[in-house]
Amino acid sequence: MLVDTHCHLDFEQFDPDRDAVIRRAVDAGIGYFVNIGSTLASSGAACKLAAEYAEVYAGVGVHPHDADSFNQETEDKLRELALKNKVVAIGETGLDYYRNLSSEACQLNAFNKQIKLAKDLNLPLVVHSRQAEGQVIRVLRSAMPLKAVIHCFSGDEGFLRECLSLGFFISFTCNITYKKAQGLRDLVKLVPLEKLMLETDAPYLSPEGFRGKRNEPAQVKLLAEAVSLTKGISTKEIADTTTGNAKDFFRLG
Ligand code: NI
């Protein structure tokens, strides 16, 4: 069994065939999906999917891209959503200084508020970090103790080692299969198996051979094979361990 620990099945890209996508993934051996919210509306949709499908769990949060809109009302509504059945994480939240779609001040505010929410409710945090590694580590370090996963890992070795030293989990997406991603594959080798999780971030980041197409959770299987090749560990052991990690971390099942 495999787990897609970060996907966006609520996105409109899945409107025409969402049910078929989920069935296809279940048939491919994906036992659980964590559908991650990116806005208040998307977090609500994630909760709906979790109510509808036994295999789907929800994360509720506001992505750094949408941090400009984060206010007291957003915070109150997120807290309400977070108390719903099958909500297993706060996120995604974090800092994105690559696209800077929201101001740095608003991103920091939304990040800090969501960290507090995660701690108040004893839920793990799903962290998005892009070209903001130094600041992300400063914020997370000052909030310890904290249970967190750094999703779609894209930092350097120094950032990776800091995250591991704080006990965080690291999750990789299908972009490790790209021809030019040797640097990322080198980092995959450095992550202890007991700290590793798998995710598609679907509909984004389709694996090599499928680039430009919509990604979907069934591709976690291909990702597990890529991690197996990279680490020189059997696909079965990768699947068993990352599934165990995901079930413990998100308290699935
Ligand atoms: Ni995402």
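Numbering of ligands and ligand atoms starts at 1, following listing order.
Remark: aromatic rings of Phe33 and Tyr53 are distant, center separation not under 6.0 Å.
A cation-pi arrangement is absent between Lys195 and Phe168 under the rule of less than 6.0 angstrom and at most 45 degrees off the ring axis.
Asp201 has its closest N, O or S atom to the Ni ion (ligand 1) at the position named OD1.
With the Ni ion (ligand 1) as vertex, Glu92 OE2 and His8 NE2 subtend 90°, rounded to 10°.
Cluster partners of Phe210 are Leu222, counting Ile, Leu, Val, Met, Phe, Trp and Tyr whose side-chain heavy atoms approach within less than 4.5 Å, directly or via other members.
Here salt bridge (charged side-chain N to carboxylate O under 4.0 Å, His left out) pairs that include residues 68-79, with residues two or more places apart or in two chains, are Glu73-Lys77, Arg79-Asp120.
With a cut-off of 2.8 Å, the Ni ion (ligand 1) has an N, O or S atom of His6 in range.
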